[in-house]
Protein chains: 2
Amino acid sequence: MSDFPASEFEARVSYIQSRMHEAGISALLLMNEPEIRYYTGFRTQFWQSPTRPWFLIIPGSGKPIAVIPEIGAALMSRTWIDDIRTWPSPRPDDDGISLLKSALEGYLSVGLLKGPETHLHMPLAGFETLDAQLRHTEFVDATELVRAQRMVKSDAEIAITTEICNIASRSFANAPRLFKAGQPQSESFRAFKIELLSQGADDVPYLVGGAGQGGYQDIISPPAETPLEHGDILMLDTGATLNGYFCDFDRNFAIGSPDNSARHAYATLYRATEAALAAARPGVSCQQLFETMQAVIGGSDESIGRYGHGLGIQLTEPPSLAAFDQTILKEGMIMTIEPGIAIPGGRFLVTEENIVIRDGAPQLLTARAPEDLPVF
Amino acid sequence: MSDFPASEFEARVSYIQSRMHEAGISALLLMNEPEIRYYTGFRTQFWQSPTRPWFLIIPGSGKPIAVIPEIGAALMSRTWIDDIRTWPSPRPDDDGISLLKSALEGYLSVGLLKGPETHLHMPLAGFETLDAQLRHTEFVDATELVRAQRMVKSDAEIAITTEICNIASRSFANAPRLFKAGQPQSESFRAFKIELLSQGADDVPYLVGGAGQGGYQDIISPPAETPLEHGDILMLDTGATLNGYFCDFDRNFAIGSPDNSARHAYATLYRATEAALAAARPGVSCQQLFETMQAVIGGSDESIGRYGHGLGIQLTEPPSLAAFDQTILKEGMIMTIEPGIAIPGGRFLVTEENIVIRDGAPQLLTARAPEDLPVF
């Protein structure tokens, strides 16, 4: 029933407990899907239902304690977790708070994810009640601890990510059969989702993109009903999943002969990616890798903001390939290489590959996009 | 580019502004996808990326103000919103906080969703900074105001939900072609997702279920690799989406002749649903409707907890058909009718239909499940 052997979860918990000890944190209180899954193996689409809060406590030593709605007990009992405390949720006047209080009482310093790229996945009023009731407990920020651990992937995590990248690469290889002039973009997207599932993806939680004459206007839109036209550049950017791990990359296709500015922009992005692949090594900082790409692309476009990010349980994870991020690349990090470029007239092109940082050259998880913009 | 005419959003904002005025709330600060979409029409799968926070401020009068990452500006500018304030996110040391501070300064009472079924969709540290900087502003709980509005759907919302329910009903009607003995459950799920997309669903964010001899053991598991066997009851519960609105219902199928306890349990759930359909009228409380079903089912199983819920932008929305919920049903509410029953041996059956509360008998949005458990 688990995506990983119990030894993997034991190692993850043991590692964070060492970091907690160093930081003087006596317990961690986690409540987001990625962290609960990372430390327990509990995987369900039931998180689509926002009604019920879920909690995991990692004490300074010993196994984590699940404090969860009764509806999750059967599934949680099939993970390596033994101590499962439940309540009949939803129970608006006490949705897990009294259970949390008794589980956390006595811990002086409880770590919580409060920092960048996190959110408090419980009602704020419930948290305020808990905070007021635990008079001797201080909630401290443990974002850096968990973030630093999750950024470096295990071999087993890399194996799953490799497989979903292979699935998406095979799907993109069938693009000539799937996309054509005259097809509404929404139909291109639908055909591509079905292709991803047929190739073995569990789900396609993320498929965005755009199409437009010589480039697209934004990169987060749902597909339009507009038919693809000669001169359009079609881009699909997919986060498909396998066992709850994401790939995240895109491919660009020209419908008929692309204009020179699009062709030139694509070639620039290809060279920027090559430069990043040549530079991505353990010990290099995210900022340096960003600047390596920026040197090829030239100028600066704040609306793109960064040229890649971590990838794993979430579609986008720390670190960021951006001027502000001094994180040092380490072996085992899975990163996207995602340079973007503005084209005159308010258009963009973006390309994306997924890599693993290795001792030496990075390992490409994606079948490298062709050097020249493919034309249908 | 919008799923609704501007007049619909104007009406939504105008209505909540009246409620805010009555409650003495001078502005609302919203940060979750459902509410931002509800009041603006901003729809994107980019919420899959947890990196960046997004905000919407609804002042006491006038149009909402979007305070969002620059990457969303182009898409937001195609909604009815004019005042769009952006920053180059991610920017860990100030991810929108200074923009929020200047937008909210001067408001004495800012409503926030703090109550049941909500969460704080921004870093807690960022919220604490904002709260400390806005010395003259009090953050108050506006959960009830927004919840009461969103529970009652407009005709346009009902039309979209009707369509996605039709799509899923057509897909379930093809079950005899899709599911068969010997098929791994994971393949049944994959085939059904592809069917839903082929029938016109935009996405299938939720597809859970189970299969087991005479019933299933839990209802939130990912599909197993186990092949379907004679005597299994297969249940698929889907939340497919169209234009960002969910259906949420399940269907049960017996692989070969079901045992008597499964047949009996299914018949009981069918009768409980008939009783609910006969009782669901404006003016009836959620608790009463729950008790109507409970009277047919008998006993009480806390692990199921409730027998239905609201449905719309989210897979599960308030209210709950549960003993604790005194919400009065109103015309225009979309509800699931979802009775469950325990079968000796730790198994369950659950059935689910989607309805609209109307002035008179409710309108079934789903093609009613057959009275007898279908057998393949």
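These numbers were taken from a predicted model, which means no experiment stands behind them. Letters A, B, ... are given to chains in the order of the sequence lines, protein chains preceding strands, and every chain is numbered from 1.
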Heavy-atom contact with chain A under 4.5 Å, split by part of [X]:
X: B/Tyr206; value: both
X: B/Leu112; value: side chain
X: B/Phe127; value: side chain
X: B/Phe246; value: side chain
X: B/Ser186; value: neither

Q) Any side-chain donor-acceptor pair under 3.5 Å between B/Thr241 and B/Asp203? A)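 Not at all, the side chains of B/Thr241 and B/Asp203 share no donor-acceptor pair under 3.5 Å.
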(Q) So if I apply the side-chain contact (heavy atoms from CB on, under 4.5 Å) rule between B/Phe55 and each of B/Ile36, B/Ile68, B/Leu29, which one comes out positive? (A)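 The residue from B/Ile36, B/Ile68, B/Leu29 that satisfies side-chain contact (heavy atoms from CB on, under 4.5 Å) with B/Phe55 turns out to be B/Leu29.
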Q.
As a quick check of understanding, evaluate salt bridge (charged side-chain N to carboxylate O under 4.0 Å, His left out) for B/Arg78 and A/Asp218, giving each step before the final call.
A. CA-CA 11 Å; B/Arg78 306 214 299 275; A/Asp218 79 281; 3.1 Å; yes
Q: Please report the shortest heavy-atom distance between A/Ala142 and A/Leu28, naming the atom on each side.
A: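 Smallest interatomic distance, heavy atoms only, reads CB-CD2, 3.4 Å.
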Q: List for me each residue that meets salt bridge (charged side-chain N to carboxylate O under 4.0 Å, His left out) alongside B/Asp141, sequence neighbours excluded, and say none if there are none.
A: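 So B/Asp141 forms no salt bridge (charged side-chain N to carboxylate O under 4.0 Å, His left out) with any residue.
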(Q) Going by salt bridge (charged side-chain N to carboxylate O under 4.0 Å, His left out), name the residues that satisfy it together with B/Asp237, two or more places apart in sequence or in a different chain. (A)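 With neighbours one apart ignored, the set is empty.
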Q: Examine whether an atom of A/Ala201 lies under 4.5 Å from a heavy atom of chain B, and if so say whether it belongs to the side chain, the backbone or both; otherwise answer neither.
A: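 It is the backbone, since no side chain atom gets that close.
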Q: Name the member of A/Asp325, A/Asp202, A/Asp93, A/Asp248 that forms the most heavy-atom pairs with chain B at distances under 4.5 Å.
A: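 Ranked by contacts with chain B, first place is A/Asp202.
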Q.
Suppose we screen for side chain to side chain donor-acceptor pair (under 3.5 Å). Which residues come up paired with B/Arg347, at least two apart in sequence or across chains?
A.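 B/Arg347 satisfies side chain to side chain donor-acceptor pair (under 3.5 Å) with no other residue.
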Q: Tell me the residues of residues 310-318 of chain B whose non-hydrogen atoms fall below 4.5 Å from those of chain A, in number order.
A: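 At a heavy-atom separation under 4.5 Å, chain A is reached by B/Gln314, B/Leu315, B/Thr316.
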